[in-house]
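Scroll down for the structure; my scribbles are underneath it.
Within every chain, numbering begins at 1; the chains are lettered A, B, ... in the order of the sequence lines, protein sequences first and strands thereafter.
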There are 4 protein chains.
Amino acid sequence: MEQSLQHTIQKTPLVQRRSEQAHQAILQAALDILESSGYRAVTIEAIAAKAGVGKKTIYRWWPSKATVVLEAFTVRTATVVPLPNEGSLRADLYIFLETSFRILRDVTGNIVRSLMAEAQFDPAFGEEFRVTFINARREALTELFKRGIQRGELRADSNLDFLVDMIYGPMWYRLLNRHAPLDEAFAHQLSDFVLSATQPTHRNG
Amino acid sequence: MEQSLQHTIQKTPLVQRRSEQAHQAILQAALDILESSGYRAVTIEAIAAKAGVGKKTIYRWWPSKATVVLEAFTVRTATVVPLPNEGSLRADLYIFLETSFRILRDVTGNIVRSLMAEAQFDPAFGEEFRVTFINARREALTELFKRGIQRGELRADSNLDFLVDMIYGPMWYRLLNRHAPLDEAFAHQLSDFVLSATQPTHRNG
Amino acid sequence: MEQSLQHTIQKTPLVQRRSEQAHQAILQAALDILESSGYRAVTIEAIAAKAGVGKKTIYRWWPSKATVVLEAFTVRTATVVPLPNEGSLRADLYIFLETSFRILRDVTGNIVRSLMAEAQFDPAFGEEFRVTFINARREALTELFKRGIQRGELRADSNLDFLVDMIYGPMWYRLLNRHAPLDEAFAHQLSDFVLSATQPTHRNG
Amino acid sequence: MEQSLQHTIQKTPLVQRRSEQAHQAILQAALDILESSGYRAVTIEAIAAKAGVGKKTIYRWWPSKATVVLEAFTVRTATVVPLPNEGSLRADLYIFLETSFRILRDVTGNIVRSLMAEAQFDPAFGEEFRVTFINARREALTELFKRGIQRGELRADSNLDFLVDMIYGPMWYRLLNRHAPLDEAFAHQLSDFVLSATQPTHRNG
DNA sequence: GACTAACCGAGACGGTACGTCCCGTCTTAAG
DNA sequence: CTTAAGACGGGACGTACCGTCTCGGTTAGTC
């Protein structure tokens, strides 16, 4: 983020000569603590100590520990957003969900839950979390639905943002509330349900 | 809580009863701070100071500040769960949602968001939150659906728990993620969508 | 102290019907904690718990934990004040000192040190400690000197209080300051020194 | 303390130097509380509040409040150890005692009593108190006696440590036990008594 | 090649809140 | 109507982190 300006004008070269080594050490330390001791144990002081870095260095580049964790999580782990293309919306949606669920079922789920929780207390981080994390996933899902429209599997005037809410809402609800698992059955139910409510023939039949 | 055993043998009520005065002062103080300064300002020390109570007294009866806030919130505020009965599932569902949304749009929404966030960090509180708060609301919604089945508006073999997820999921998602409002339009969209996916086939057959 | 009134008039029988059992249990508990964990671990709460007694019961009969310890120490342990009678002041003094030193060398020394320390912080206890403990020992020593005067080993106009200070002062100094031991050598040095400064023939010779 | 190594290799002065400002503020605050409210009112929290300093800063540099008070007392107050040189041991000793007594008769006496009391409960502090405070005074007195030996007023083989005990013992005893005052009369009695017991035999032979 | 400005590690700093320990008083129920 | 049991308001403890700051030292252009 702070580097995105460097390849543009580059008229003030002495500014922000960050140490890439320290940068990576910080992200790695955050991940290590996260995996070994959980989000609660992640503190700026612990990260600094583990990374062999001054606290100032962390504060220089990130506004909060949640932001560090978010970057560590998105950059250092290969948490790619799935974008299946199986030929049918039903199949794509199911695979998208089952892939997402599988990722969330392991430690990743706990990290994501912690980040969403942190977002409730820290509005600035909330905004960043939405932009960086949530929206990327919403757009992938939107892309799936758009393909469905192109194939005629979905009405062209469907409210895609709303459909995305109908998919991600129940997923997050189960993730955060833990009253029921994010399993294959749920992936089937959820994709079937949303498609059954949106199939063009049924809706206007 | 400690009185629930009294109708049995009454041989071990040696548990000293709590001071009702202190109890209420604590809940009120928690609410006051919550409303005036937000959840972040709620600390055990602040509650104790405002309630004119020793910290130990709070720790004696509640395991965490989240638990105090939950009790203050559920007991002292009239946050009744809506249970409309308008004659049709569609109307009941819409009114249920619009009533819920209206409550969540004011400060209550922030409290609820904070509690859900806290539940992510504190498993014990998470369990209590689910049982005390979430489940009560799930059951009310389930009751609505059951009436719909009785009226023939819903298939008798509908998976009600899943339907509840499809209603509460998107609501919580918007509440926590704040990418879109919990307004009347969403109440309409959501109730219509769920009903359109669940209308008994023989009605449209 | 509070019993000293009971065998006098006894016209108000229902007042102060202290439980002798509780009384002894408290003293014993104080001693037990003292010996097993040291003076620092002696608290009213610990005594009450160990004695199976309410805290109120302790506060009813003693003003402070130091007072409890003092009574436990003087009443329940057989810490008799030595009063040797060997026929000469020199012998009596040495035996008195060596006996006292021997007692102070074991745990008793620590208790006595703690009580003297407590007396510095709590003036009321300080007074009681002086009257109950210190003065009894000063009087014993004074008695020794008086016998010395009768035998002609000491001038009749000797300032006995001052002589007592010259004996007990160095003893307490070593006890509290711990820079040198309270051993037999010191008992000899001390008694010899005081006698050499007070022998009638040398002084006026 | 951390500067004492600087004249050597200067390769490991990585210990961050303490803030002299905070250091002095803490000592001053301790003294202020001590003089205005007594030793009992001296708490780490009170010192921190009065000095405008975090509690951690105090704990970083001192192990206990007694240590803070000791440093405040020895460094910030001009409690010089008297070292008279009047030409005779008798005069020097009397002036030494009367000067010491005068200092102990005011608030200083209470501080010193409190420190000695604290030393009974806290062995580590006891050691520091002995080394820092007690020993400095013992050495001054020893110096007096050594001059007496040089002048021929004292036998060359006198046990000076024992003589110091015979002077300081009674002083401390009266200071702590408060059964009699530290007045000029006692200064005379004490110095006379010790000298009368130690006069070289060949002088009176 | 020396200068110099920024970064860097280390961690001290003022500060807030934590959860615990005891204090001395007060309340309850049980005998 | 006195107990034991322990809850109560309160004060201080020593700890954990916060976010800011102050040090030397290191390093990377620029002069």
Side-chain angles (χ1 to χ4, degrees), chain A residues 12-19 21-23 25 41-49 51-61 63-65, chain B residues 10-19 21-23 25 41-49 51-61 63-65, chain C residues 14-19 21-22 25 41-49 51-60 63-65, chain D residues 10-11 13-19 21-23 25 40-49 51-61 63-65:
Chain A
T12 46
L14 277 184
V15 184
Q16 288 185 329
R17 234 172 21 195
R18 85 193 288 173
S19 152
Q21 196 178 327
H23 186 185
V42 177
T43 65
I44 296 286
E45 299 210 329
I47 296 173
V53 138
K55 288 201 287 175
K56 201 65 188 285
T57 305
I58 299 179
Y59 283 113
R60 192 153 20 231
W61 303 112
S64 66
K65 69 171 182 179
Chain B
Q10 216 165 2
K11 212 61 198 176
T12 46
L14 281 183
V15 195
Q16 184 127 1
R17 220 88 110 277
R18 73 205 294 174
S19 153
Q21 196 177 325
H23 187 184
V42 178
T43 64
I44 297 286
E45 296 214 326
I47 296 173
V53 138
K55 286 201 285 177
K56 197 69 194 292
T57 303
I58 300 179
Y59 285 112
R60 189 146 32 224
W61 302 111
S64 65
K65 70 172 182 177
Chain C
L14 277 184
V15 185
Q16 289 186 329
R17 232 174 23 195
R18 84 191 288 174
S19 151
Q21 195 178 327
V42 177
T43 64
I44 296 286
E45 300 209 329
I47 296 173
V53 138
K55 288 202 286 175
K56 203 65 189 287
T57 305
I58 299 180
Y59 283 114
R60 197 163 5 243
S64 66
K65 69 171 181 180
Chain D
Q10 216 164 2
K11 211 63 199 176
L14 280 183
V15 196
Q16 184 125 1
R17 221 87 110 280
R18 74 204 295 174
S19 154
Q21 196 177 324
H23 186 183
R40 271 278 145 116
V42 178
T43 64
I44 297 286
E45 296 215 326
I47 296 173
V53 138
K55 287 201 285 178
K56 197 68 194 293
T57 304
I58 300 180
Y59 285 114
R60 187 146 32 224
W61 300 112
S64 65
K65 69 173 181 177

Using a heavy-atom cut-off of under 4.0 Å over every strand shown, decide if B:Ala22 touches base, sugar-phosphate, or nothing. sugar-phosphate
Below 4.0 angstrom from OP1 or OP2 of E:dC13, is there any side-chain N or O of D:Trp61? yes
Report the residue (B:Ala41 or D:Gly54) whose heavy-atom-nearest nucleotide on DNA chain E is the more 5′ of the two. D:Gly54
Is the phosphate of E:dA12, meaning OP1 or OP2, less than 4.0 Å from a side-chain N or O of D:Arg18? no
Rounding to a whole Å, what distance do you find between B:Tyr59:OH and E:dA17:C1'? 8 Å
Those residues at least two apart in sequence (or on a different chain) that pass salt bridge (Lys or Arg N to Asp or Glu O under 4.0 Å) with B:Lys55 are B:Glu45
Taking CD1 from A:Ile44 and P from E:dA10, how many angstroms apart are they, rounded to a whole number? 16 Å
Considering only heavy side-chain atoms of A:Arg60, the closest of F:dA12, F:dT3, E:dC7 is E:dC7
In terms of side-chain heavy atoms of D:Ser19, which of E:dG24, E:dG19, E:dC13 is nearest? E:dC13
C:Lys56 atom NZ is separated from F:dA7 atom C1', nearest whole Å, by 13 Å
Go through F:dA4, F:dC18, F:dC13 for me and flag the one nearest to the C:Val53 side chain. F:dA4
Any donor-acceptor pair under 3.5 Å joining the side chain of C:Lys55 to the base of E:dG24? yes
Any A:Thr57 side-chain nitrogen or oxygen under 4.0 Å from OP1 or OP2 of E:dG9: yes
